[in-house]
Every structure is written in structure tokens, then in C-alpha cells.
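Single-structure report; data block below.
Naming: A, B, ... by sequence-line order, numbering from 1 per chain.
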Amino acid sequence: MKGHEDKHMTEHDDREIRDPLKQSIPPVNTELRRDLWPDVLRKLDARQVGVPWYDWALVGSSAAVFLAFPRLVLLFAYHL
Amino acid sequence: MDLLQRFAHGEIDAFETLVRQFQGDIYAWTVRIVRDPAVAEDLTVETLWRVYRARHRFRPDGNFGAWARRIATNLAIDHLRRNRPEQSFLAEPAEAARPDPVVQREIHEKIQQAFRRLPAKLQVAATLALIEELPYDEIASALGTSVGAVKLRVFRAVRILRKRLSHAGVSPE
């Protein structure tokens, strides 16, 4: 019974606040005014300039090898 | 291979087709939440960029529109969080409601201000449920939560609004 009363009161409260809210917050036009694909493409191009993951993987694995076998650094430097 | 599978494999042509198909829906959803066309356009572009970045996580048998809408909702909530009005709510009591346009405008401003200062998640739920009058299950799906949780957020938003407006001497009736 109490649940029913609470529900009734909640719906009443919602109605009471809904009308002033709708009067105070004007409706918006939901129509998209232009095609956004060019912007999306620009954003994709701009963010793809970063270093690819496999370059980072190469750097990481090289560092691990040099840490494990420090003498390889000399061999590597000799061949440079 | 169908369009969604091609998108999940990173084909840009498939993504372009999806953008043209869904950009209007994503924009319409976002502008309902943020109430600003320029901001909604920016957020729609950001949503679509994130959709492309997250394409590996998309299941081609899933609902692309619902997935994109959820990403858009999260971005809109972040935007509202970052752009909450800083000034405190006017505590001085308003005069008794009269059909005076100046007083009416002041009341509308106080209601708007109180609404914009709601916590972002409550504001979004209240906007979609009370102002846009969208079905609760649609709101719940976009927020990634249950219908009960949405109702609770709306209830809490209404309670906070009533309290703040009553402090300011504004009667919502």
C-alpha cells in the first residue's frame, strides 16, 4: 500500500516539476545541419600520425635484449 | 562480408557509410542532452572518431546504433561534468509568482540554473525523461543501466530541484 502511495506521489512530483522545466528549458532542433564526415575524416587523419604499436614493440624488445646481454651493445655499435 | 563486418575489420568505406547513416541519430541524441547545437556537433564527431577507434571491440552481430549512442551519452555526460556552472545558486527569495514578464523570466533563469547544477548523471536522466519525455527503457539502454536506476536518478533529480527552488523561493507549480 505504501509502495503504491509512494509511486503515486512520485508521479505527482514528476508532473509538478515537468511543466515548469519544459517552460524554462526551450526545445532544441534535433536536425543535423551539415554532413560531419569531412570533420570525422580530418580527425582520423590528425590522430593517425602517432607512432604505430609495432615500432614501440621493436623499441621495447631491443631494450630488453640489450639489458639481458649488455655486450651486444658493443657489437651493435661496431656494426653501425 | 556485410557492412558491420567490414567496419569491424577497419574498412574506411564501410565506416563512411555508417557515419552517413547514423550521424543524424547520434547528433539528435547528443543535442537533446547538451542543448547546444555547436557542442553537439563537436561531440558527434568525437563519438564517431571513438567508434572507429573502438571498432575491434564491436561485435558485428550487435546493434551499431545502440553502441554508438552509448558512447555519445558517456561523452555528453563528461561534457556536462566539465561545464557545470560555477556560481552558486541565487538564494534570495523570489517574489510571489505574478504574470509579470520580468519576474517570469527570473523564475525561468533560476529553474535553468538549478537544473544545470544537478550532477551530470541526474541531469541527463531528468532531461531525457522529463523534458524530452523519452521512454525509460530507451534511456536505460543509452545509459547502460536498468530502468529502475533511471527512475531513481529522475526521482533524485526532482527532489534536488524542488529543494533548491524552494530555497530560492521559487514554487515550481
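- No path of Ile, Leu, Val, Met, Phe, Trp and Tyr side chains, each step under 4.5 Å between heavy atoms, connects B/I107 with B/V102, placing them in separate hydrophobic clusters.
- Scanning all heavy atoms of the two residues, the minimum distance from B/P37 to A/R33 falls at CB-NH2, 3.5 Å.
- Proximity to chain A involves both the backbone and the side chain of B/R32, based on heavy atoms less than 4.5 angstrom apart.
- Crowding of A/R34 atom CZ: a count of heavy atoms from other residues, nucleotides or ligands under 6.0 Å exceeding 12.
- If you tally non-hydrogen atom pairs under 4.5 Å between each of A/N29, A/D39, A/L36 and chain B, the highest count goes to A/L36.
- Looking at heavy atoms from C-beta onward, A/L32 lies out of side-chain contact with B/V31 at the 4.5 angstrom threshold.
- To the nearest 0.5 Å, the span separating CD on B/E16 from CH2 on A/W37 amounts to 5.0 Å.
- Counting only heavy atoms from C-beta outward, the side chains of A/V40 and B/Y52 never approach each other to under 4.5 Å.
- Within 6.0 Å of CD on A/E31 lie no more than 12 heavy atoms contributed by other residues, nucleotides or ligands.
- At least one side-chain heavy atom of A/I17 sits under 4.5 Å from a side-chain heavy atom of B/L130.
- Atom NZ of A/K22 has more than 12 neighbouring heavy atoms from other residues, nucleotides or ligands inside a 6.0 Å radius.
- Between the B/R35 side chain and the A/P26 main chain, a donor and an acceptor come within less than 3.5 Å of each other.
- For B/V45, the parts sitting under 4.5 Å from any heavy atom of chain A are the backbone and the side chain alike.
- B/A40 does not touch chain A: none of its heavy atoms, backbone or side chain, sits under 4.5 Å away.
- Atom CD of residue A/Q23 and atom CD1 of residue B/I131 lie 11.5 Å apart, to the nearest 0.5 angstrom.
- Here the shortest heavy-atom pairing between A/R18 and B/A129 reads NH2-O, 4.0 Å.
- In terms of hydrophobic clustering, with Ile, Leu, Val, Met, Phe, Trp and Tyr side chains grouped at heavy-atom distances under 4.5 Å, A/V73 and A/L67 are assigned to different clusters.
- Considering all non-hydrogen atoms of both residues, A/S24 and B/H108 come closest at OG-ND1, 2.8 Å.
- In B/R156, the CZ atom is not crowded: 12 or fewer heavy atoms of neighbouring residues, nucleotides or ligands sit closer than 6.0 Å.
- Using a 4.5 Å heavy-atom cutoff, the side chains of B/F115 and A/L21 are in contact.
- Residues A/L44 and B/I12 have side chains in contact (heavy-atom distance under 4.5 Å, counting atoms from C-beta outward).
- In the hydrophobic clustering of ILVMFWY residues, with side-chain heavy atoms under 4.5 Å counting as a link, B/I139 and B/V147 come out together.
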